[in-house]
Structure formats: C-alpha cells, structure tokens
Student: 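Just dropping this structure here.
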Amino acid sequence: MATDSEFPCSLTLSIPFPDARLASVALRSIAVDKELSPLVQRSFSTTTAADAETESQSQSVLQVEYKAATNRMLRVAVNAFFDSLALVIEVMQELDIDVLEPAEHSLGDNS
Amino acid sequence: MANDTATTGKKKRRIALGCEGSANKLGIGVIAHDVETGAATVLSNVRHTFVSPPGTGFLPKDTARHHRAFFVRVAKQALSDAGVRIADIDCICYTRGPGMGGPLTSVAVAARTLALLWGKELVGVNHCVGHIEMGRAITGAENPVVLYVSGGNTQVIAYAEQRYRIFGEALDIAVGNCLDRFARAFEISNDPAPGYNIEQLAKQGRVLVELPYAVKGMDCSFSGILTRAEELAAQVKRGQKGPEGELLTPADLCFSLQETVFAMLVEITERAMAHVGASQVLIVGGVGSNIRLQDMMGAMAAERGGSVYATDERFCIDNGIMIAHAGLLAYETGFRTPLEESTCTQRFRTDEVFVKWRK
C-alpha cells in the first residue's frame, strides 16, 4: 500500500472469524460509528484467509486498514477498535442463537 | 416458557429488549406489550452501576469500559429472568442519546451485534422519552406535567400534539449534576449514588443556609449555587464559622442545598402547570427518587387540587426497561432505525421525537 503523505502512519489488521457470517456481523456492528478525528481514516472489508480450505471459510477474515496523521492517533484509534471488537466477540460467544438455545438450533455435525 | 404464538400463528404479545448506558448505569430489560390491549408487562429489568471512588465523578472512558465489561452478563440475566425465546423478540432497542458519547456507543455496538446475530430490527430511543413513557406506564398518570430530573438532564415537559415539549429547563448544569459534584466536596460516597447519600445526610441538617436562588422565568440555573455551596463546604472543612457566625456541618449544607434546588424545581414546575392548566405532576429521572423532592412537589400539587406521581428506583433511575418500552411503542407505529443509521448522539432534544403512538 503506497504511503499517504497526509496519513503516514498506517496499520492493517486481519482478524480471523470462524465463518463469513460472524466476520460480516463484526464488520457491520463496528463500521457504523465514524472515526471521531478527521486525522484518522479507516476502511473495512472481509477477505478470505490464504489457507482457507472450505466454502464456509471464504470471506471469514475481517480486514481493517487504519491510517493516521501521527502514531499517537493511530494507536488511540486502533486501541478503541480492539475494545469494540472484544465486546462484539464476547457477545457472539455468549449470546449467539446457537449458544442461548442449543437444543433448538443445533448446527448439526460440523465435521 | 409459554409459547407466544397461538396455533393460528397470531402473536399475543410483542416483546422488545432494551439497552441503556448513557451515563454510569448499564441497564437491560425485556418488555411485553399485549397485542390487543397494549398493556405493558415488565418481564425483566437488570442494571449494573459503575460507581467511582468518593470525591470523584465517573469519566466517559472508564464508564464505557464498565459497560463493555458488563454487557454480556447483564444481558444474559435479563434474558434468563424474562424467560423468552429469541424468536419471540420483535426488536432490539437501544439509547440513541442524549448522554455521554463513549458509553452510549459501547452499548450501541453490542445492541447492533445482537440485532445482526438474531436477525432483529433496531430501534434507537431518546433517553428522556424513555423516562417519560415508563413513568406514564407505571403510574398510569393521564396527561401530567413531567419533571425530568437526573444527573444529566433537568427539564419540565408537557405533551402537546405528538411532541414532548420542553417548557422549562436548566440553563447550565442539571440539578443532579449539581448535587453529585457537591457530594465530592465532602467525599460523600457514590454508592449507590451520591444523591441518595446527600438525601440521607440532609435529614440530619438543622441549619438552613442561604444559597443563591436562581429561577429565571421558566428556566433555572445551578452552577452559581454549586459554586457557593462548594465555597461553604471548604469553609466547613477548615473549621470556619458560617456567614451568620453559626457552626455548620456537612449535613446542614446538604439540607440547605436540597431545600434550595428543590424549591426552584417546584417553582418552574408550577409555572408550567399554570401555563397548560394541569394539576398532575409526574417526576421521572434519578433525582425523582428523592423523597424530599416528592414531598415538596406533592405539597404544591395538592394546593392546586392535584397530585404528584413518582416511580420507585427500579424505574426512575436509568434502566433498560424504559428503553424497551418506549422503543416498542415506536416500533408498533412502524418506526425503525436502519443499522447504518444506528449511531448515538450526545445531544438529542426531547421534542425532536415524533410521538406517533399518542394522539
């Protein structure tokens, strides 16, 4: 990625999820809120892991590209993102349909 | 766990999950509305409060961290208490504003995640309207003048033509904010809330110290009173005598502050009542749980041939059930908040909401 002179400090994060559905839920939940500072820019996408084998693993990686005017701003923005991400993941782990109602929503044999 | 769908597939109840976190209380509740009568039933109402050490207030970053840390726990409790299935839930309601930015957003992120995981629509709710609608539902008050008083808001509201119109308000800081910040001067505990502890301490007050009384027409102002009260608190802590040579205690100052600010609230409420010809008053918001305020307001209302309505701390202190209730009322009129628009805002005037569910 070519360095943007206005936003020289950049970081790309790739967060693997179990499947595309969860990666998409995470993206859509977090992307709604705009960055507070005009000196930070952020873009989201979902991608497929290089070692993905099955169809369900396609588009299961959440990719976030951050660029900022200073390293401090980059650090603050990325830390805030991780706070939100941790919350989203915890909600998925504890409150997804198949977790709350396992008997009725059995996902079958996941072999 | 009753199945809410009869054999014909027609729903008997509409159910909403509500999430609130605009200040230091994280509240999640589940409400049911009877499809035919509209009667509201509280299925669950769970809350966890972020309490900061004595002498301090709660800061946005720490408060947001608290809400993120407790969301799942509180949500699980609310769902378990309610005993509903995900399929029975119609919508996820969350506080859009007003309030503190970081805390509001932390709850909104979790609400969005639930909505997406469960395939439910979102409803963004105005915090003040949540308080008003819950107060109406619990007390059954028909069309009262509403005094909404909390750490973040002080408004006198009357309903007219599908808007909750603000007749009077605090021009600078909310009355609850005045009380909460005064508590810090004496390092009064914030557990369960600084206002509650001021109320208890005030009962031991004997001396009424003069404090600036700042009613300005239909509005009022509290920052000058706070400054003077803090000044007196510093004198008391230094062992100095009061302005009239008397020895003052923290209890005397708590008492004097309450008497002064509550008298101001009674005055602006009465002014609004005279303006609209109402005799009923509904007090909502955390400061509304103060018994002294309820008594003073009750005395004024009685003189006008009316009465005061108030709810207990389950409903007047910030909670999730009020968000679920107000949100479900809006949802039933067709209101939706698309995911991409499910942001939060620190400023959100009560009269910005179109109250479609009332005539």
Side-chain angles (χ1 to χ4, degrees), chain A residues 13 15 17-38 40 42-46 56 59-60 62 64 72-73 75-107, chain B residues 1 3 17 19 21 26 28 60-62 64-80 82-89 92 94 96 101-120 122 124 337-346:
Chain A
L13 302 163
I15 296 122
F17 280 85
D19 57 38
R21 168 181 174 259
L22 293 175
S24 168
V25 167
L27 188 160
R28 297 179 68 196
S29 299
I30 299 176
V32 176
D33 303 301
K34 303 229 178 327
E35 282 296 322
L36 291 173
S37 167
V40 177
R42 172 187 75 181
S43 65
F44 287 98
S45 60
T46 57
S56 70
Q59 296 299 308
S60 66
L62 173 63
V64 193
R72 184 188 169 278
M73 304 219 62
R75 177 170 50 82
V76 169
V78 169
N79 283 344
F81 168 75
F82 275 123
D83 287 338
S84 295
L85 181 68
L87 174 61
V88 167
I89 290 174
E90 194 189 350
V91 171
M92 288 174 172
Q93 282 178 317
E94 306 275 345
L95 296 169
D96 202 350
I97 306 180
D98 59 336
V99 178
L100 289 178
E101 297 169 1
E104 297 171 42
H105 294 272
S106 166
L107 294 179
Chain B
M1 214 185 305
N3 188 331
L17 177 83
C19 309
L26 173 67
I28 301 179
K61 199 162 169 184
D62 303 326
R65 186 182 306 129
H66 165 270
H67 292 352
R68 287 193 298 265
F70 280 87
F71 185 91
V72 164
R73 226 171 307 190
V74 173
K76 275 175 129 166
Q77 187 69 55
L79 288 166
S80 146
V84 296
R85 300 177 315 162
I86 295 173
D88 297 329
I89 296 175
I92 311 282
Y94 75 99
R96 177 183 190 80
L104 280 168
T105 307
S106 65
V107 174
V109 167
R112 289 178 209 135
T113 309
L114 283 179
L116 287 168
L117 290 174
W118 297 353
K120 306 292 177 186
L122 281 165
T337 303
L339 184 86
E340 301 71 33
E341 295 170 30
S342 65
T343 50
C344 297
T345 173
Q346 288 182 247

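Keep in mind the model is a prediction, meaning the values are calculated, not measured. Lettering follows sequence order; numbering is per chain, from 1.
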Student: Any chance you could lay out the side chain to side chain contact (heavy atoms under 4.5 Å, CB included) test for B:E340 and A:R28, step after step, and finish with the verdict?
Tutor: CA-CA 8 Å; B:E340 301 71 33; A:R28 297 179 68 196; 3.9 Å; yes

Student: Check A:S29 against B:V109 and note the closest heavy-atom contact, atom names and distance.
Tutor: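 Taking every non-hydrogen atom into account, CB-O, 4.1 Å.
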
Student: Looking only at heavy atoms and a cut-off of under 4.5 Å, which of A:K34, A:E90, A:Q93 has the most pairs with chain B?
Tutor: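 Of A:K34, A:E90, A:Q93, A:E90 has the most heavy-atom pairs under 4.5 Å with chain B.
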
Student: Quick check: closest heavy atoms across B:W118 and A:L100, and the distance to 0.1 Å?
Tutor: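 Smallest heavy-atom distance, with atoms named: CZ2-CD1, 3.6 Å.
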
Student: With the threshold set at 4.0 Å, does a side-chain nitrogen-carboxylate oxygen contact exist between B:K76 and A:E94?
Tutor: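 A salt bridge is present here (some side-chain N lies under 4.0 Å from a carboxylate O).
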
Student: Looking at B:K61 and A:D83, is there a salt bridge between them, counting it only when a charged N and a carboxylate O are closer than 4.0 Å?
Tutor: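 Salt bridge flag = no for B:K61 with A:D83.
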
Student: Would you find a donor on one side and an acceptor on the other, under 3.5 Å apart, between the side chain of A:E101 and the backbone of B:I86?
Tutor: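 Flag set: sc A:E101 to bb B:I86 pair under 3.5 Å.
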
Student: Heavy-atom distance under 4.5 Å between the side chains of A:L95 and B:L117, does that happen here?
Tutor: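 Side-chain contact under 4.5 Å: no.
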
Student: Looking only at heavy atoms, what is the nearest atom pair of A:V25 and B:L116, with distance?
Tutor: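 A:V25 and B:L116 have their closest heavy atoms at O-CD1, 3.6 Å.
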
Student: Would you indicate whether A:L36, at its atom CG, is surrounded by more than 12 heavy atoms from other residues, nucleotides or ligands within a distance under 6.0 Å?
Tutor: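 At most 12 heavy atoms, drawn from other residues, nucleotides or ligands, come within 6.0 Å of this atom.
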
Student: Are any non-hydrogen side-chain atoms of B:L114 and A:M92 less than 4.5 angstrom apart?
Tutor: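 Side chain of B:L114 against side chain of A:M92, heavy atoms only: no contact under 4.5 Å found.
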
